[in-house]
Amino acid sequence: QVHLVESGGGLVQPGGSLRLSCAASGRTFSNFAMGWFRQAPGTEREFVAAISRSGLSTLYAESVKGRFTISRDNAKNMVYLQINSLKSEDTAVYYCAAADRSGVVITTSLMDYWGKGTLVTVSS
């Protein structure tokens, strides 16, 4: 089992920044590809960013490319999502997820473990 806990969400004005964190516990963190997903009210959960086990490979949704940065610290069992230039359409619950797979994983159905999410609200 892997337990994931997200933090860092909140209310931010358009153009602002946030750093989301995800703390992992349980099985060996470096064995898992990690990802961030988000879900806005009335929509399906969607892929945001993914990072491989080593951190050497990353992938982003087109809608966030250039504004979001995913990173991980395997020594601290942490994964992060730096969010810049926030837009109102970024408002959503952001979820951290882990997949016991190599490479980067961007499909919700392939993720093995999920956190409970942290809410990001972008509003003036």
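Bear in mind the structure is a predicted one, so any value in this text is a computation, not a measurement. The chain is numbered in sequence order, starting from 1.
Leu11 belongs to no hydrophobic cluster, as no Ile, Leu, Val, Met, Phe, Trp or Tyr side chain comes under 4.5 Å of its own. Residue Tyr80 belongs to a hydrophobic cluster whose other members are Met78, with links defined by side-chain heavy atoms closer than 4.5 Å.
The list of salt bridge (Lys or Arg N to Asp or Glu O under 4.0 Å) pairs with a residue in residues 39-49, not counting sequence neighbours, reads Arg38-Glu46. The disulfide bond (SG atoms under 2.5 Å apart) contacts involving residues 24-116 comprise Cys22-Cys96, where partners must be two or more places apart or lie in separate chains. Legend: side chain to side chain donor-acceptor pair (under 3.5 Å) pairs involving residues 4-24, not counting sequence neighbours, sorted by first then second residue: Ser17-Asn84.
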Assess whether side-chain contact (heavy atoms from CB on, under 4.5 Å) is satisfied between Met111 and Tyr95, documenting all intermediate values.
CA-CA 11 Å; Met111 307 308 290; Tyr95 297 90; over 6 Å; no
Derivation and outcome, side-chain contact (heavy atoms from CB on, under 4.5 Å), residues Ile83 and Leu20
CA-CA 8 Å; Ile83 308 176; Leu20 306 184; 3.7 Å; yes
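A heavy-atom distance below 4.5 Å is found between the side chains of Leu86 and Leu18. Phe37 places none of its side-chain heavy atoms less than 4.5 Å from the side chain of Ile106.
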Please tabulate, for the side chains in residues 115-124, all donor-acceptor contacts under 3.5 angstrom to protein atoms that are two or more places apart in sequence or on a different chain.
unit_1	atom_1	unit_2	atom_2	d
Thr118	OG1	Gly9	N	3.1

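Using the six-membered ring where Trp is involved, Phe68 and Tyr94 have ring planes that are tilted, between 30° and 60° apart.
Under the 4.5 Å side-chain heavy-atom criterion for Ile, Leu, Val, Met, Phe, Trp and Tyr, Val105 and Trp114 are members of the same hydrophobic cluster.
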